[in-house]
Amino acid sequence: MGNTPVTLPQDDEQVDTRQRKLHEARRKYELEQHKFGLSAVQQRLVNIGNLPPMLSKLPPEENQSLYYKIRFAAQYLFYALYALFQCLIGCGRQWTIDRMIQHFKFPCLLKEPKGCEVWRKTAINREEQTELQRMQADHWFAWQRLNGVTRNLIRRVEGNVPLQFSPFLKTIERNHPYLTGRTLQVHIEQNTLYVVNLTEVALGEPTLLAPVSLFVVFNGMLMPVAVWINSMDNDIGQVSIPNTLSDNERLRHWVKTRILFNMLEAQYHESVTHLGFTHILMDGVSVCMHRNLSKRHPIYKILLPHFRYMHAINIAARDDLLPPGGYIEKDMYIRRVLMLKLISKHNENWVYDPIQTSLENRGAMDIPGYFFKDDALQLEGAIRQFVHQYVTHYYKNDDRNVQEDGEIQGFYQELTAARAMKGYGGCGMNGIPEINTMENLIDVLTYFIYTCSVEHSATNFPQYEQYAFPPNFAALLHGQPEDEMADLDASMPSRKEMFSTIKIMKVLTLVLTNSLGNYESVYTRAMDSFGRNCVAAFQQHLAAIQNRINNRNADIMARNNPNQLQEYQYEWLLPKNVLNSISI
C-alpha cells in the first residue's frame with residue numbers, strides 16, 4: 001500500500017490498471033443481507049430485508065494482526081476464567097446487591113465501575129440515605145441520559161405534555177421536588193422539560209415493556225420528573241415519581257423504576273445505538289468504498305483508517321454474540337430475534353442525521369451538563385476542518401471535479417441503492433445528500449468518520465463503567481414491573497449472569513488500535529506529503545480539544561460542593577479515548 005499514487009480517476013494515466021484493480025476488489029467485497037442463522041419464520045418476524053447489509057465474506061487483508069489476535073484472545077481467556085472462578089467460589093451463596101458492592105469494594109482484579117461508586121456513595125436503598133444523597137442519585141439517573149452509553153434520545157418537549165403522562169398530571173405536579181411549584185405545561189413553555197421515549201423497544205407489542213421518562217432543568221442541572229411504564233394491569237400504565245422525603249416503600253419503588261428504565265435503555269443501546277447503527281451500518285459503507293474507490297483515490301486513503309479491523313470484529317460479533325446460546329441470547333433481556341427486529345424496525349425510518357442536525361431537531365442544544373454534546377461538536381468540527389482541507393485540495397476547489405469523479409458517483413449510488421435479498425443491492429441509506437458538490441462530499445465523509453470514531457467510542461467504551469454493576473445499568477433483570485417484590489435483590493441477575501456481562505464488557509472495551517488522528521504508519525505512508533500535512537494539522541487541533549476538555553473537567557471538580565448537588569466529569573470523548581475505527 002505504501003507509495004501508492006494519489007489521483008482522481010479523471011486524472012489517472014493508468015486507467016486500465018485502475019479498473020482492473022477495482023474489478024478485483026469488487027469480487028472480494030460484496031454486500032449481503034445476512035440471515036444470522038434465523039429460521040424462515042424468524043426472518044419474516046425480523047423483516048430481514050430491512051437490516052443494513054454487511055460484507056459477505058472476509059478477505060484475507062481484513063484479518064487482524066497477530067499482535068491484535070493474541071492480545072484479544074489473552075484478555076478474553078483471562079476474563080472468562082475470572083468469571084468462572086467467581087461463579088465457583090460463590091456457588092450456593094445468595095447473590096445480592098450488597099455482595100456485588102463488596103466484590104468491588106475489597107481489593108480485586110476489577111476496578112470499581114462508576115455505577116457502583118455512585119450507588120455506594122449515595123447510599124441507595126439504605127435507610128440512612130439523606131435527602132441530598134437521594135437528589136444526587138436522581139441527578140446520576142438524568143446524567144446517564146446525557147452522557148451515558150446512549151446520549152442521542154433526549155429531546156425537548158414541545159406543545160403539550162406527552163399523552164402517557166396526561167392521566168397523572170395532578171399526581172406528578174403535587175409537591176414535586178424538582179418542578180419548583182410550576183406545572184409541566186409551564187415548564188414546556190419555558191423550554192425546560194425534556195423527554196426520553198423508549199417505546200420503540202416494545203416493537204408495537206402490548207406484552208413488551210415501553211418506558212417513557214420526563215426530565216426537567218432544576219437549579220442548572222437535569223433531574224427526573226417521572227417515569228411511565230405500560231402495565232398489564234390497566235390501560236393507562238403506571239407512573240413513578242421521585243420524592244426526596246418519601247417513605248422507604250415509595251422510595252424503593254422509585255429506585256426499582258430507575259433500574260428498570262435503565263435496563264430497557266440497555267436493550268436499545270446494544271441493539272440500535274451500538275450494534276445496528278455503528279457496527280452494521282458502517283460495515284456496508286466500507287464495502288461500498290472498497291467496491292467503488294481505487295486505492296489510488298484520495299478519499300479511499302482518508303476513509304480507510306476508520307474501517308481498520310471493523311469487518312473482522314463484526315464477523316466475530318455475528319458468530320459469537322448473536323447466535324443461539326451466545327451472550328445476547330443468554331444474558332440480555334431482549335434476546336437475539338427481538339434485537340435484530342428492533343434494528344430492522346429502526347432502519348425502516350433511519351435517515352442521515354449528523355450530530356448538529358440531531359441536536360437541533362431534538363431541541364437539545366441548551367441542556368445544562370450535556371458534556372457529550374459539547375465534546376462531540378468540538379470533535380466533529382475538527383474532523384470537518386480536516387476533511388475540508390483535504391477535499392478542497394484534491395478536487396482543486398471545484399465542484400465540477402466532484403461531479404466528474406466516476407468512482408465517487410459510483411460510491412454514492414451503491415450507498416443509496418435499494419437493499420436486495422437476492423442478487424446485488426445497495427445499502428439503502430436514506431437522505432444521504434447527493435455528492436455533486438465539495439460541500440456535500442465533506443458532509444458525508446465527516447459523518448462517516450465521526451460515526452466510526454466519535455460515536456462508536458462514546459457508545460462502546462463506557463460500557464464496563466455502566467453495565468458491570470447491574471443495579472446501575474443491567475443487561476438483564478428478572479420479574480416484571482407489576483411484581484411488587486419485598487426488596488430489589490430478587491430482580492437482580494444471578495452471579496453467573498453478572499460475571500458473564502463483566503467478561504463481555506471488559507473485552508468489548510479493550511483498546512487495541514490507535515486514537516483519533518493518530519493513524520498507523522501503513523496509512524500515512526500511503527498518503528502524499530499534503531495528506532500527511534493535513535493529518536499533522538488534525539492532530540494539533542485534537543490536542544487543543546484535549547486541553548479544553550481537561551480544563552472543563554478540572555473546573556467541574558473545583559466547583560463541586562460536598563453540601564450541594566455535585567456534577568460528574570465526562571472523559572469519554574477526550575481525543576486520547578476516541579479510537580479511529582470500530583475495531584472492537
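Hydrogens, waters and symmetry mates play no part in the numbers below; they use all other heavy atoms, side chains included.
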Any donor-acceptor pair under 3.5 Å linking the side chain of [X] with the backbone of [Y]?
X: Asn314; Y: His279; answer: yes
X: His34; Y: Leu55; answer: yes
X: Glu497; Y: Met332; answer: no
X: Gln403; Y: Asn436; answer: yes
X: Asp283; Y: Met54; answer: no
X: Asn47; Y: Ser344; answer: no
X: Tyr464; Y: Lys111; answer: yes
X: Asn147; Y: Phe371; answer: yes
X: Gln463; Y: Asn460; answer: yes
X: Gln43; Y: Leu38; answer: yes

Measure the [atom1]-[atom2] distance between [X] and [Y] for me, rounded to the nearest 0.5 Å.
X: Thr459; Y: Ile582; atom1: OG1; atom2: CD1; value: 9.0 Å
X: Asp11; Y: Arg296; atom1: CG; atom2: CZ; value: 11.5 Å
X: Thr150; Y: Gln466; atom1: OG1; atom2: CD; value: 10.0 Å

Whether the [X] and [Y] side chains hold a donor-acceptor pair (N or O, under 3.5 Å, no angle test) is what I'd like checked.
X: Asn361; Y: Arg155; result: no
X: Tyr570; Y: Asp374; result: no
X: Asp331; Y: Ser500; result: yes

Could you give me the CA-CA distance, side-chain angles and deciding distance for Tyr467 and His269, then say whether ring-ring contact (aromatic ring centres under 6.0 Å, His included) is met? CA-CA 11 Å; Tyr467 280 93; His269 163 250; 5.7 Å; yes
What closest approach, in Å, do [X] and [Y] show between heavy atoms, and which atom pair accounts for it?
X: Asp405; Y: Gln10; answer: CA-OE1, 3.5 Å
X: Glu407; Y: Leu22; answer: OE2-CD1, 3.6 Å
X: Tyr412; Y: Pro433; answer: CE1-O, 3.4 Å
X: Leu516; Y: Leu542; answer: O-CD1, 3.2 Å

Between Arg291 and Tyr424, is NZ or CZ placed under 6.0 angstrom from the six-membered ring centre and within 45° of the ring axis? yes
Tell me, please, whether Tyr79 has Lys503 positioned over its six-membered ring: NZ or CZ under 6.0 Å from the ring centre and within 45 degrees of its axis? no
Does any pair with a residue in residues 349-366 pass salt bridge (Lys or Arg N to Asp or Glu O under 4.0 Å), and if so which ones, sequence neighbours excluded? none
What salt bridge (Lys or Arg N to Asp or Glu O under 4.0 Å) pairs are there with at least one residue in residues 25-36, not counting sequence neighbours? Lys28-Glu61
Evaluation steps, side chain to side chain contact (heavy atoms under 4.5 Å, CB included), between Val522 and Arg308: CA-CA 11 Å; Val522 65; Arg308 183 176 178 85; 4.0 Å; yes
Report yes if some heavy atom in the side chain of [X] is under 4.5 Å from a heavy atom in the side chain of [Y]; otherwise report no.
X: Gln42; Y: Phe36; result: no
X: Thr501; Y: Phe473; result: no
X: Tyr568; Y: Ile556; result: no

Picking from Tyr519, Phe448, Tyr523, what satisfies ring-ring contact (aromatic ring centres under 6.0 Å, His included) with His306? Tyr519
Start with the C-alpha distance between Phe78 and Lys506, add both sets of side-chain angles, then the distance that settles side chain to side chain contact (heavy atoms under 4.5 Å, CB included), and finish with yes or no. CA-CA 10 Å; Phe78 175 82; Lys506 289 299 289 186; over 6 Å; no
In this structure, are over 12 heavy atoms from other groups packed under 6.0 Å from [X] atom [atom1]?
X: Tyr76; atom1: OH; value: no
X: Arg20; atom1: CZ; value: yes
X: Gln546; atom1: CD; value: yes
X: His388; atom1: NE2; value: no

Ile584 vs Phe72, test: side chain to side chain contact (heavy atoms under 4.5 Å, CB included). Steps then yes/no. CA-CA 9 Å; Ile584 191 72; Phe72 183 90; 3.5 Å; yes
Go through the steps to decide whether Leu573 and Phe372 satisfy the test side chain to side chain contact (heavy atoms under 4.5 Å, CB included), and finish with yes or no. CA-CA 7 Å; Leu573 289 187; Phe372 161 79; 3.6 Å; yes
In plain terms, say whether Asp398 and Arg400 are close enough for a salt bridge, that is, a side-chain N and a carboxylate O under 4.0 Å apart. yes
NZ/NE/NH1/NH2 to OD/OE distance under 4.0 Å, Arg151 and Glu455: yes
Sequence neighbours left out, what passes side chain to side chain contact (heavy atoms under 4.5 Å, CB included) with Asn547? Give chain and number order. none
Could you walk me through whether His541 and Phe386 pass the ring-ring contact (aromatic ring centres under 6.0 Å, His included) check? CA-CA 9 Å; His541 196 166; Phe386 168 49; over 10 Å; no
